[in-house]
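Here is the structure we will look at, set down as structure tokens.
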Amino acid sequence: MTENIKSVDICCGLNWGDEAKGKIIAHLSKHGKYDFVCRWSGGNNAGHTIYINGKKYKTHLIPCGIFFNIPCIIGPDCVINYESFEKELLYLKDNGFNIDLIKISPKTHVITKEHIEDDKNNYKSQGTTSKGIAPCYRDKYARTGLQVKNVVKFQKYLWDEKLYGNILCEGAQGFWLDITQGNYPYVTSSTTLPYGACSLGFSPKLINNIYGATKIYDTRSGTDTEFPETLFEDNELNMIAEAGNEIGTTTGRRRKVNWLNMNKLIKSINISGTTHVIISKIDIFEKLNLYKLINNNNIVIFNSTVELKDYLNNKIYKNCNWVKNIIYSNNVEYVEGLI
Ligand code: IMP
Ligand code: MG
């Protein structure tokens with residue numbers, strides 16, 4: 001029933017996850033008049049932190065639209081574990097949110113106990129979140145998996161597969177964790193790029209705004225040869241990790257920090273089709289009076305936020321044709337100037 005869809009907006013991560021997508025999605029949900037907020041990929045490996053009236057909330061699988069009373073869909077290319085889902089439902093219910101708005105695609109694949117055990121035992125070297133993601137997608141693609149529609153406990157949550165009006169799609173993870181684009185095998189097992197959202201059942205022609213999220217520095221949770229252990233020895237980067245509280249929402253691990261890689265950012269903006277770039281955590285640089293990024297493998301140093309922003313604006317507008325707007329955000333609760 002895609003003829004009833006007016007427009008689709010997407011929020012995606014441009015780096016390795018943890019780019020403050022939760023905050024952006026919350027802001028859009030609050031102001032954007034969306035009829036649905038949908039997740040299109042991954043499972044409870046994600047961790048979205050959002051603040052409402054100063055109170056902090058965390059979700060892993062359920063879209064942030066739930067905080068603003070908007071119907072929420074867990075899409076067919078997501079994966080779901082019943083016990084974790086139930087836990088999240090209870091948490092939301094206890095906090096006064098209407099969990100009747102949450103629906104799951106009948107085609108969503110089920111993460112079983114065996115998947116979680118397999119992940120814990122066999123994927124340590126990759127530093128996964130141990131939520132059973134890779135084994136579940138493996139079974140999906142081997143065509144031996146289990147879908148939500150065939151599990152009794154899930155029946156009351158089944159989505160009728162209809163969408164209408166204005167849709168917001170909530171990305172999980174980030175561009176460089178995409179199963180195809182990322183540094184394989186140090187990736188997740190799903191499509192983190194906006195085109196993946198079409199798995200919800202609409203044409204790419206309906207996509208309007210693509211909100212690409214990045215921080216002013218790069219972080220990596222989990223193992224990756226592009227983020228060597230030596231990064232932990234750099235004083236300035238450690239100061240940023242401390243000031244930015246770079247601890248994983250899902251895993252509680254300290255994230256590796258590096259200066260923003262400009263070349264990678266330009267590529268992820270362009271391939272994702274990002275129209276609005278949201279750059280968060282500038283305040284961390286200001287607090288430490290440190291302003292650096294990496295361009296063509298060289299560290300570029302600036303003296304102030306103004307210099308840094310000028311450089312970023314020039315680079316992005318010059319190299320990224322789709323970008324209409326670059327927004328810098330310091331606030332954990334809202335994104336001034338977004339809508
Ligand atoms: P998996 O998705 O649990 O299989 O983990 C694969 C890789 O992606 C690991 O390096 C994880 O740390 C990373 N990862 C998965 N989800 C997220 C996320 O939401 N934020 C940051 N990193 C993530
Ligand atoms: Mg996160």
Side-chain angles (χ1 to χ4, degrees), residues 11-26 39-51 56-64 74 77-81 84 88 109 111-112 115-141 170-193 196 213-215 217-229 231 241 244-258 264 268 278 280-281 332:
C11 177
C12 64
L14 295 170
N15 301 323
W16 290 266
D18 309 315
E19 305 100 339
K21 292 183 294 293
K23 166 180 75 174
I24 297 164
I25 296 154
R39 268 282 298 267
W40 80 80
S41 70
N44 60 327
N45 49 344
H48 291 167
T49 307
I50 76 154
Y51 289 81
K56 184 174 176 176
Y57 297 95
K58 284 181 186 182
T59 59
H60 295 287
L61 178 66
I62 295 165
C64 295
I74 296 166
D77 203 18
C78 290
V79 289
I80 186 167
N81 170 260
S84 318
E88 219 169 305
H109 273 251
I111 303 174
T112 62
H115 289 146
I116 297 171
E117 278 309 300
D118 190 350
D119 196 356
K120 282 184 182 154
N121 295 332
N122 301 313
Y123 288 81
K124 274 204 188 82
S125 63
Q126 283 184 30
T128 64
T129 59
S130 301
K131 304 291 181 193
I133 305 299
C136 184
Y137 277 107
R138 174 199 62 209
D139 287 355
K140 169 173 175 167
Y141 284 96
E170 167 171 331
Q173 290 84 42
F175 186 94
W176 298 107
L177 288 176
D178 179 80
I179 181 76
T180 308
Q181 298 293 335
N183 182 20
Y184 190 94
Y186 305 105
V187 290
T188 190
S189 298
S190 57
T191 313
T192 64
L193 272 67
T214 177
K215 284 188 298 220
Y217 52 85
D218 285 339
T219 59
R220 180 68 163 97
S221 145
T223 312
D224 193 329
T225 48
E226 289 183 7
F227 283 76
E229 298 292 316
L231 289 169
N245 190 27
E246 292 303 339
I247 311 288
T249 313
T250 303
T251 56
R253 297 178 299 200
R254 154 83 148 77
R255 300 169 184 147
K256 281 186 195 125
V257 176
N258 204 352
K264 278 199 145 49
S268 62
I278 298 105
S280 285
K281 287 199 160 177
V332 292

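Not measured: the values here are computed from a predicted model. Counting starts at 1 for both ligands and their atoms, following the listed order.
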Please list, in number order, the atoms of ligand 1 under 4.0 Å from a heavy atom of Arg253.
12 (O)
Considering only heavy atoms of Gln126, which atoms of ligand 1 have at least one such atom less than 4.0 Å away?
10 (O)
Atom of Glu88, atom of His60 and distance for their closest heavy-atom approach:
OE2-N, 3.0 Å
Can you see whether Thr219 engages Asp18 through a side-chain donor-acceptor pair at a distance of less than 3.5 angstrom?
no
Please report the shortest heavy-atom distance between Glu170 and Ile62, naming the atom on each side.
OE2-O, 4.3 Å
Any chance you could measure Phe227, atom CZ, to Trp16, atom CH2, to the nearest 0.5 Å?
4.0 Å
Looking only at heavy atoms, is any part of Tyr186 under 4.0 Å from ligand 1, and if so is it the side chain, the backbone, or both, or is it neither?
neither
Nearest to atom 10 (O) of ligand 1, what protein heavy atom do you find, and at what distance?
Arg220 NH1, 2.8 Å
Going by the closest heavy atom to atom 14 (N) of ligand 1, which one wins out of Asn45, Thr188, Leu177?
Leu177
Below 4.0 angstrom from a heavy atom of Ala46, which ligand 1 atoms are there? Numbered from 1 as shown, please.
19 (O)
Are Asp77 and Lys140 close enough for a salt bridge, meaning some N to O gap below 4.0 Å?
yes
Any salt bridge linking Lys256 with Glu229? Criterion: basic side-chain nitrogen under 4.0 Å from a carboxylate oxygen.
yes
Any idea which protein heavy atom is nearest atom 15 (C) of ligand 1, and the distance to it?
Gln173 CG, 3.8 Å
Which residue owns the protein heavy atom closest to atom 9 (C) of ligand 1, what's the atom, and how far is it?
Gly127 O, 3.3 Å
State, with a plain yes or no, whether a side-chain heavy atom of Glu226 is found less than 4.5 Å away from one of Trp176.
no
Please find out if the Mg ion (ligand 2) and some N, O or S atom of Gly47 are separated by less than 2.8 Å.
yes
For ligand 1, which atoms, with element, lie under 4.0 Å from some heavy atom of Gly222?
10 (O), 12 (O)
Does Ser189 have a heavy atom less than 4.0 Å from any atom of ligand 1?
no
Could you check which N/O/S atom of Asp18 is closest to the Mg ion (ligand 2)?
OD1
Heavy-atom nearest pair, Ser190 first then Tyr137, reads CB-OH, 3.5 Å
Among protein heavy atoms, which sits nearest to atom 5 (O) of ligand 1, and what does the distance come to when rounded to 0.1 Å?
Thr128 CA, 3.5 Å
Do any N or O atoms from the side chain of Asp178 and from the backbone of Thr192 form a donor-acceptor pair under 3.5 angstrom?
yes
Atoms in ligand 1 flagged as close to Trp16, the criterion being non-hydrogen separation under 4.0 Å:
21 (C), 22 (N)
Considering Val187, Thr129, Asp119, Asp18, which one's heavy-atom position lies nearest to atom 6 (C) of ligand 1?
Val187
Tell me which protein heavy atom sits closest to atom 12 (O) of ligand 1, plus the residue, atom name and distance to 0.1 Å.
Ser221 O, 2.7 Å
Nearest-0.5 Å distance that lies between atom CG in Leu177 and atom OG1 in Thr188:
6.5 Å
